[in-house]
Every structure is written in C-alpha cells, then in structure tokens.
Amino acid sequence: MATQSHQQRVLMTLVMVLMASSSWIASSSDDNHVYSPCGDTTVARSDGFTFGIVFSAQDNFNYNKSTQLSPCDSRLDLSNRGAQLAVFRPKVDEISLLSVTNSNFSPENYGGYMVAFAGRKYAARSRYAFVANSSYTVTSFTLVLEFKKGRLQNLFWKRDGCARCAGKGSQFTCLNNQDCAIKTSNCKNHQGSVDCSLGIQLAFSGTDKHYSALNSWYEVENLRQYSLYGLYSNLKDSLTSQYNSFF
C-alpha cells in the first residue's frame, strides 16, 4: 500500500499539460470508473479509457540506463526530472484526435521525447518517440492501443514512412525515413508562422472484455491516405482557441 501511495504522489506531482478530445465526465455508456492513468482496469467498447503521455529526455525513461519502466514506476523519478504529463480519456474503439494545444508548451524544453502509458500491476508503455529538438519538430503521430479481453497489452506508434512530407516544401524534412518533421525555427512558438501543436491520431485494436473486436485501427489504416489529422483541422483550431484561455 505504501508503494502504491508513493507512486500516486509521483504521478500527481508531474505537471499536467492538457487533456483534450475527451471528457472527464462519464457518459451513460461508460462503465469504466478508473480515471487515473496508473490504475488497472478492463474495458468494453464505448467505455472511457484513461492513459497518459509523458514528455522528458530519452534517458529518463530507462532505469539504470537499460531497463524500460512505466512512468508510473517511482524508480524513474520523473517528477524530479522536469517531466511533463498529458492525460487523455478517449472512448474505446472510436477514432480520436488528441491535441496538446498549450501555446506555452515546447516539447524540446522538456527533453524532446514522449512515452504513452497506462496501468500499474498490468503496466503497459510505448517505446519513446522523438517529438522535438532545437532543429526539428514532429507534429503528427498515430498511436494504437492494443487490448486483449479488455486489458491493455501494448501501446505502439505507427509510422507512415514520411508520406506526410510529400509536396509540403523545403520547410519539412524526413527524419530517419519514418517521421515528417518541420524546422523548429518555423514554429509559432519560435517566432515562425506554422502552428506546431502536437496532434495524435488514436485508434484501438484487439478485443474488449466481452471479446468483441476493436476495429478502429483498421479504419485509420484505410483513412491514412487522406490524413485523419487534416480531417480534424477545424476541430484542432477550435481546441487551440478554447484551451489557450485556460493557460
């Protein structure tokens, strides 16, 4: 119990950046009452599901420089390393766009990498993904949450091989043949003209606790040629103006 309480305090002392594209208020169809990203739960389709994304330096996600642990594990000591936390609660098996729209948030100032995670006893985390440094910023990602019988098993970033860079001009570049990045100097928070707010396309795969298939990832794959992020551009603009008033 003491360890669990300490882990909860560690999580809460991380600074929350933003929660978007979801609501803390449970709908009538939401039977999941676990709202902490470090809580364990099983879910059905249409339940809400809470998970977190932590922004920090790449090495901060490894214990003793080798073992990859969940951000819920106090041994990472992320709260004392300036990590930033965003918490989201999307609806299971619905395609969502998650957006960190705080105009004062610059990922490169907090280490430039991110890890998605959820759970404690049944902890799952993604590999770290590069977001930004002083030279380049990646603004668009696809994250898939994989479940088995309603229990989260894995979170993984899906790359598109820089397809989004096509026809975007010299201010964009392909990093490591997997991410389309913009020059950080072109971002508005660096006196540039481009909105570099982080956008994450979210989808689900696997089965829920009733053994029903979660199919939204296959729908995203079919839509990738049209860019789901582009389809949500108007929503992103409205979220930006809405949340800027709070920060």
Side-chain angles (χ1 to χ4, degrees), residues 1-22 24 34-41 49-90 98-139 141 143 145 152-157 179 181 184 187 189-190 196-200 202 243-244 246-247:
M1 288 297 292
T3 300
Q4 179 175 338
S5 297
H6 179 62
Q7 289 174 332
Q8 288 175 330
R9 289 196 298 271
V10 168
L11 176 69
M12 294 306 295
T13 53
L14 292 171
V15 179
M16 182 181 295
V17 178
L18 182 65
M19 182 190 71
S21 293
S22 54
W24 285 109
V34 175
Y35 296 95
S36 167
C38 286
D40 296 303
T41 189
F49 180 76
T50 303
F51 74 99
I53 296 179
V54 169
F55 299 86
S56 192
Q58 179 177 334
D59 290 343
N60 290 346
F61 295 113
N62 296 326
Y63 179 64
N64 286 339
K65 298 183 179 182
S66 59
T67 305
Q68 296 184 13
L69 299 178
S70 166
C72 295
D73 195 311
S74 60
R75 288 175 291 178
L76 290 183
D77 197 26
L78 290 172
S79 61
N80 291 319
R81 296 183 177 184
Q84 299 281 289
L85 170 67
V87 178
F88 303 93
R89 188 175 174 85
L98 310 179
S99 184
V100 178
T101 57
N102 183 353
S103 60
N104 296 319
F105 175 67
S106 297
E108 68 273 16
N109 293 337
Y110 302 98
Y113 285 79
M114 64 180 175
V115 163
F117 69 97
R120 177 178 286 108
K121 180 179 179 181
Y122 300 97
R125 57 156 281 181
S126 71
R127 296 183 62 85
Y128 37 71
F130 170 78
V131 183
N133 58 22
S134 59
S135 299
Y136 296 104
T137 296
V138 182
T139 63
F141 294 85
L143 177 65
L145 275 57
L152 182 66
Q153 303 293 308
N154 196 11
L155 307 94
F156 51 94
W157 305 103
D179 291 316
T184 300
C187 295
N189 56 354
H190 289 274
C196 293
S197 298
L198 177 64
I200 301 171
L202 180 72
Y243 285 103
N244 277 349
F246 295 135
F247 291 89

Residues in ring-ring contact (aromatic ring centres under 6.0 Å, His included) contact with Phe51, at least two apart in sequence or another chain: Phe88
Point-to-point distance, once rounded to the nearest 0.5 Å, from [atom1] of [X] to [atom2] of [Y]:
{"X": "Ile200", "Y": "Met114", "atom1": "CD1", "atom2": "CE", "result": "4.5 Å"}
{"X": "Phe117", "Y": "Leu155", "atom1": "CZ", "atom2": "CG", "result": "10.0 Å"}
{"X": "Ser134", "Y": "Asn109", "atom1": "OG", "atom2": "CG", "result": "10.0 Å"}
{"X": "Ser135", "Y": "Glu108", "atom1": "OG", "atom2": "CD", "result": "10.0 Å"}
{"X": "Asp73", "Y": "Asp77", "atom1": "CG", "atom2": "CG", "result": "10.5 Å"}

Would you mind reporting whether [Y] and [X] have side-chain heavy atoms less than 4.5 Å apart?
{"X": "Leu85", "Y": "Leu78", "answer": "no"}
{"X": "Tyr128", "Y": "Asn62", "answer": "yes"}
{"X": "Thr50", "Y": "Val34", "answer": "no"}
{"X": "Ser197", "Y": "Phe105", "answer": "no"}

So, the side chain of Asp179 versus the backbone of Ala181: is there a donor-acceptor pair under 3.5 Å, distance only? no
Look only at the side chain of Asn64 and the backbone of Ser66, and say whether a donor-acceptor pair between them is shorter than 3.5 Å. no
Applying side-chain hydrogen bond (donor to acceptor under 3.5 Å, both in side chains) to Ser70 and not counting sequence neighbours gives none
Evaluate the criterion side-chain contact (heavy atoms from CB on, under 4.5 Å) for residue pair Leu198 and Phe141; output intermediate values, then yes/no. CA-CA 8 Å; Leu198 177 64; Phe141 294 85; 3.4 Å; yes
For the student: nearest non-hydrogen atoms of [X] and [Y], plus distance:
{"X": "Val54", "Y": "Pro71", "value": "CG2-CB, 3.9 Å"}
{"X": "Asp40", "Y": "Gly119", "value": "OD1-CA, 3.5 Å"}
{"X": "Cys38", "Y": "Arg120", "value": "O-NH1, 3.0 Å"}
{"X": "Leu69", "Y": "Arg125", "value": "O-NH1, 2.9 Å"}
{"X": "Gly52", "Y": "Pro37", "value": "N-CB, 3.7 Å"}
{"X": "Ala124", "Y": "Asn154", "value": "CB-N, 4.2 Å"}

Ring pair (Phe, Tyr, Trp, His ring centres under 6.0 Å) test vs Tyr113 passes for just one of Phe61, Phe55, Phe130, Trp157, namely Phe130
Any side-chain donor near an acceptor of the partner, Thr137 and Thr184, under 3.5 Å: yes
Would you say CZ of Arg81 has more than 12 non-hydrogen atoms from neighbouring residues, nucleotides or ligands within 6.0 angstrom? yes
What do the steps show when you test Phe49 against Leu145 for side-chain contact (heavy atoms from CB on, under 4.5 Å), and what is the final call? CA-CA 10 Å; Phe49 180 76; Leu145 275 57; 3.8 Å; yes
